[in-house]
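Input: a single structure, listed below in structure tokens.
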Amino acid sequence: MKVKHYVKDCNLDQIFDCGQCFRWEREEDGSYTGIAFGKPVNIAFEETAPLEGTLTIDNSCERDFESIWYPYLDLARDYGEIKRTLAERDSLMGEVIGSGPGIRILNQEKWETVISFIISQNSNIPRIKRCIETLARLFGTEAGEYAGRTFYNLPTPAVLADLSVQDLEPVKLGYRAKYLIETAKAVASDDGAILEKTGDMSVEEAYTYLTGLHGIGPKVANCILLFSMGKTESFPVDVWIRRVMNRLYGFAENDIAGMKAFAAEKFGSYGGIAQQYLFYYMRTRDGKKF
DNA sequence: TCGCAGGTGGTCG
DNA sequence: CGACCACCTGCG
């Protein structure tokens with residue numbers, strides 16, 4: 001069954017291929033197939049005007065659309081207004097946004113985001129995707145079939161907590177395996193209760209909890225806050241952001257504190273959204289596409 | 001071959 | 001507290 005919804009400020013490639021998520025694959029027709037919240041679906045976008053058109057979610061229903069896909073795709077947020085505000089506040093942002101005007105910040109599952117960004121450190125997108133799929137296939141539960149493919153959920157904190165580094169060897173996580181296991185133990189110790197509550201905490205409180213977990217430092221914590229906890233002000237500084245902040249604003253590449261202060265001052269509560277535009281701008285410079 | 005890829009933890013001054 | 005540096009794995 002298909003569900004349709006009209007949206008603005010939308011581009012599927014920019015949303016699913018900008019490094020915020022790792023479980024979606026592009027089909028030949030430009031749609032994306034993947035899984036979130038245990039539901040395998042295909043998401044297509046028929047553009048009827050620039051950045052506007054109809055989203056079609058296949059293998060879903062109205063009920064799931066409202067409870068899962070509407071919030072997941074951040075459809076309540078007016079990105080047009082945000083883009084105008086950012087461009088007003090900074091003279092360079094207009095051009096930066098122009099490289100990825102259809103980006104939307106997904107509201108992903110917390111535990112999946114924790115796993116994904118622990119794995120992401122010092123790695124690259126193809127490998128991150130491979131690790132996550134292998135982890136789900138070997139240690140997760142079956143979520144269902146779609147288009148002849150079987151989809152798997154990621155293992156729960158409890159399941160991962162009982163695994164050894166040796167068990168995880170086939171996933172090829174490298175030194176990140178022990179981070180994952182340690183963090184799973186901590187999260188499973190209260191059955192994920194604190195992790196689930198982080199969305200209601202202040203950013204500072206949630207950040208403190210996250211960075212207290214093994215393998216989660218400032219960058220990964222900020223990604224989790226932005227991509228799964230609705231903290232749009234958090235501004236993850238990775239190597240690409242360091243490069244773009246150096247090139248556009250003249251920051252020294254190691255001046256992370258300066259960059260964060262600049263973002264807080266300039267972009268305020270939209271810092272994380274500005275970060276995605278900046279990231280996409282830098283990664284698509286010079287004709288390169290990831 | 002060897003450095004580097006969406007960093008972090010550990011150590012040292 | 002800031003500046004190193006090792007660390008799994010895979011790819012050019």
Side-chain angles (χ1 to χ4, degrees), chain A residues 13-24 96 99-100 103 105-106 108 112-135 138 160 163-187 207-228 231 234-248 251-261 263 271-290:
Chain A
D13 290 326
Q14 293 167 14
I15 292 169
F16 290 114
D17 223 11
C18 70
Q20 62 175 323
C21 57
F22 303 99
R23 301 207 68 187
W24 295 91
V96 169
S99 71
I103 290 173
I105 309 277
L106 298 174
Q108 303 179 63
E112 172 177 325
T113 311
V114 167
I115 289 179
S116 299
F117 285 91
I118 285 179
I119 291 175
S120 79
Q121 62 182 79
N122 207 23
S123 188
N124 53 70
I125 291 174
R127 184 180 165 205
I128 298 163
K129 285 186 166 185
R130 203 158 53 234
C131 287
I132 290 172
E133 288 321 306
T134 307
L135 188 64
L138 295 185
L160 215 40
L163 265 31
S164 65
V165 170
Q166 198 174 12
D167 293 329
L168 285 173
E169 202 282 326
V171 187
K172 300 295 180 188
L173 295 168
Y175 60 86
R176 303 161 197 82
K178 64 177 186 299
Y179 294 166
L180 220 45
I181 293 168
E182 289 308 307
T183 287
K185 283 179 177 165
V187 172
Y207 179 86
T208 302
Y209 170 72
L210 291 170
T211 51
L213 298 169
H214 203 56
I216 299 184
K219 191 270 177 181
V220 169
N222 276 111
C223 284
I224 297 167
L225 289 168
L226 177 60
F227 299 135
S228 75
K231 308 299 188 189
S234 65
F235 189 81
V237 178
D238 58 36
V239 58
W240 293 96
I241 292 299
R242 280 161 37 187
R243 284 174 195 158
V244 74
M245 294 297 279
N246 170 261
R247 182 184 291 199
L248 294 184
F251 283 95
E253 289 213 16
N254 62 352
D255 185 16
I256 295 174
M259 296 172 190
K260 281 180 176 289
I273 299 171
Q275 191 267 9
Q276 282 304 98
Y277 293 129
L278 286 162
F279 179 82
Y280 197 86
Y281 169 83
M282 193 61 190
R283 292 220 57 165
T284 53
R285 281 301 73 183
D286 314 320
K288 282 182 208 156
K289 180 72 167 70
F290 300 96

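All chains are named by letter (A, B, ...) in the order of the sequence lines, taking the proteins before the strands, and each is independently numbered beginning at 1. Keep in mind that this is a model prediction, so the values were computed, not measured.
Separating the CG atom of N122(A) from the C1' atom of dC5(C) is a distance of 12 Å, rounded to the nearest angstrom. Rounded to a whole Å, the CD1 atom of I125(A) is 11 Å from the P atom of dG7(B). The interatomic distance linking R242(A) (CZ) with dC4(B) (C1') rounds to 13 Å, in whole Å. As rounded to whole Å, 10 Å separates atom P of dG7(B) from atom CG of N124(A). Between L173(A) atom CG and dC7(C) atom P the separation is 18 Å, expressed in whole Å. As a whole-Å value, the separation of Q108(A) CD from dG6(B) C1' is 14 Å. Atom CD in Q166(A) sits roughly 16 Å away from atom C1' in dC8(C) (whole-Å rounding). When rounded to the nearest whole Å, the span between CG of N254(A) and C1' of dG7(B) equals 15 Å.
What you find for Y280(A) and T284(A) is that their closest heavy atoms are O-OG1, 2.7 Å. Here the shortest heavy-atom pairing between A186(A) and L213(A) reads CB-CD2, 3.6 Å. Closest non-hydrogen pair, F227(A) versus Q20(A), comes out as CE2-CB, 3.6 Å. Of all the heavy atoms in G215(A) and I118(A), the pair that sits closest is O-CG1, 4.0 Å.
Annotation: ring-ring contact (aromatic ring centres under 6.0 Å, His included) contacts of Y277(A) (sequence neighbours excluded): none.
Here R243(A) reaches the OP1 or OP2 of dA5(B): one of its side-chain N or O atoms lies under 4.0 Å away. A sub-4.0 Å separation between OP1 or OP2 of dG6(B) and a side-chain N or O of R283(A) is present.
In this structure a side-chain-to-backbone donor-acceptor pair under 3.5 Å is missing from E112(A) to C21(A). Under a 3.5 Å cut-off, the side chain of N246(A) and the backbone N or O of A252(A) do not form any donor-acceptor pair. A donor-acceptor distance shorter than 3.5 angstrom exists from the side chain of Q275(A) to the backbone of P236(A), with no hydrogens or angles considered. Of the possible donor and acceptor atoms, one in the side chain of S99(A) sits under 3.5 Å from a partner among the backbone N and O of V96(A).
Taking the six-membered ring for Trp and thresholds of 30 and 60 degrees, F279(A) and W240(A) have ring planes more than 60 degrees apart, a perpendicular arrangement.
Within the nucleic acid shown, E182(A) has no heavy atom closer than 4.0 Å to any nucleic acid atom. At a threshold of 4.0 angstrom between heavy atoms, the contacts of R130(A) are confined to the sugar-phosphate backbone, with no base atom among them.
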Original post:
For every nucleotide of nucleotides 8-13 of chain B, 5' to 3': is a protein heavy atom under 4.0 Å from its base (B), only from its sugar-phosphate (S), or from neither (-)?
Top reply: BS----
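Here the separation of dG2(C) from dG6(B), taken at their C1' atoms, is 23 Å to the nearest Å. One P atom belongs to dT11(B), the other to dC8(C), and the distance between them is 15 Å to the nearest Å.
By the criterion of a centre-to-centre distance under 5.5 Å and near-parallel planes under 30°, the ring of W240(A) forms no stack with the base of dG6(B).
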Original post:
Can you give the dot-bracket line for DNA chain C, where a pair is Watson-Crick or G-U wobble with both atom distances under 3.5 Å, crossing pairs use [ ], and | marks a partner on another strand?
Top reply: |||||||.||||
